[in-house]
Amino acid sequence: MLAFWNTVKDELDYKLMSQKELSAATEISYNTIQSWITKDRLPDAADAVKIARVLGVSVEYLVTGIEGPNRQENKEINAIVHDLRHLSPEDLAIAKTLVHRLTLTKG
């Protein structure tokens with residue numbers, strides 16, 4: 001399998017997103033994506049850009065697997081967002097208050 005699709009699959013796993021969700025978000029048919037993967041084909045540039053945007057990464061990263069300078073920061077933010085999605089409504093309210101207070105003290 002092409003490195004492109006391995007990286008896409010890694011990003012999907014990281015974002016807890018399915019290939020069907022990627023298909024819906026990019027407006028590229030699920031069957032088309034599956035065909036590209038099965039036949040080891042890269043999408044055209046426009047579709048690669050759509051995929052990268054949905055995944056929040058660069059096309060260069062999908063092709064090379066080399067992370068850009070902001071990639072680690074994005075991973076940390078995405079990990080926090082992932083954790084926040086699993087909080088109860090009450091705990092989420094507490095987290096929002098905490099973040100708001102921290103931003104006020106920074107200014």
Side-chain angles (χ1 to χ4, degrees):
M1 179 181 305
L2 292 171
F4 180 93
W5 292 115
N6 284 328
T7 306
V8 167
K9 286 184 174 192
D10 288 346
E11 287 299 313
L12 289 172
D13 289 344
Y14 178 73
K15 294 183 181 335
L16 303 176
M17 180 183 273
S18 70
Q19 288 180 10
K20 287 187 178 186
E21 290 170 320
L22 176 66
S23 167
T26 58
E27 298 181 346
I28 301 169
S29 82
Y30 176 76
N31 288 337
T32 297
I33 292 173
Q34 286 301 302
S35 175
W36 289 336
I37 293 169
T38 303
K39 295 178 181 176
D40 241 5
R41 305 217 183 230
L42 289 172
D44 64 28
D47 288 333
V49 168
K50 288 180 188 178
I51 292 168
R53 282 188 181 149
V54 167
L55 295 176
V57 298
S58 68
V59 173
E60 180 180 6
Y61 170 69
L62 292 178
V63 172
T64 66
I66 298 171
E67 297 180 351
N70 295 326
R71 182 77 177 128
Q72 185 59 40
E73 182 179 316
N74 289 342
K75 274 188 172 180
E76 291 171 4
I77 291 169
N78 285 339
I80 292 168
V81 170
H82 175 267
D83 292 343
L84 289 172
R85 287 184 180 144
H86 293 88
L87 293 178
S88 69
E90 297 81 15
D91 288 343
L92 183 58
I94 293 168
K96 286 180 182 178
T97 301
L98 178 62
V99 169
H100 180 71
R101 287 185 183 168
L102 288 170
T103 57
L104 288 177
T105 61
K106 212 172 185 190

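Just so you know, these numbers come straight off a predicted model, no measurement behind them.
For the pair V63/V59, a side-chain contact is recorded, criterion being any heavy-atom separation below 4.5 Å from C-beta on. Annotation: side chain of R53 is not in contact with side chain of T26 (no heavy-atom distance under 4.5 Å). A 4.5 Å side-chain heavy-atom check between L12 and E21 finds every atom pair outside the cut-off. Put simply, the side chain of R85 reaches to within 4.5 Å of the side chain of V81, judged on heavy atoms.
A donor-acceptor pair is defined here as one N or O able to donate and one able to accept, closer than 3.5 Å; no such pair exists between the side chain of E11 and the backbone of V8. Of the possible donor and acceptor atoms, one in the side chain of W5 sits under 3.5 Å from a partner among the backbone N and O of R41. Judged by distance alone, with hydrogens and angles left aside, the side-chain atoms of T38 form a donor-acceptor pair with the main-chain N or O of Q34 at under 3.5 Å. A donor-acceptor pair is defined here as one N or O able to donate and one able to accept, closer than 3.5 Å; no such pair exists between the side chain of S23 and the backbone of Q19. Side chain of T7 to main chain of G65: no donor-acceptor pair is present (N/O by atom type, distance under 3.5 Å, no hydrogens or angles).
In this structure, Y30 is not a member of the same hydrophobic cluster as L22, with clusters built from ILVMFWY side-chain heavy atoms closer than 4.5 Å. Hydrophobic clustering of Ile, Leu, Val, Met, Phe, Trp and Tyr side chains at less than 4.5 Å, counting indirect connections, unites L42 with I51. In terms of hydrophobic clustering, with Ile, Leu, Val, Met, Phe, Trp and Tyr side chains grouped at heavy-atom distances under 4.5 Å, I80 and L92 are assigned to a common cluster.
The distance from the OG1 atom of T103 to the CG atom of L98 is 9.5 Å, given to the nearest 0.5 Å. Atoms CG and CG, from L55 and D10 in turn, are 10.5 Å apart once rounded to the nearest 0.5 Å.
Annotation for E60: atom CD does not count as buried by contact number, only 12 or fewer foreign heavy atoms lying within 6.0 Å.
Summarising the geometry of D44 relative to D47, their closest heavy-atom pair is OD1-N, 2.8 Å, with the distance given to 0.1 Å. For the residue pair A52 and S58, the shortest heavy atom distance occurs at CB-C, 3.8 Å. Pairing each heavy atom of L84 with each of A95, the nearest pair is CD2-CB, 3.9 Å.
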- Message: I28 vs W36, test: side chain to side chain contact (heavy atoms under 4.5 Å, CB included). Steps then yes/no.
- Response: CA-CA 11 Å; I28 301 169; W36 289 336; 3.8 Å; yes
- Item | CA sep, side-chain torsions, deciding dist, call: I94, E90, side chain to side chain contact (heavy atoms under 4.5 Å, CB included) | CA-CA 7 Å; I94 293 168; E90 297 81 15; 5.5 Å; no
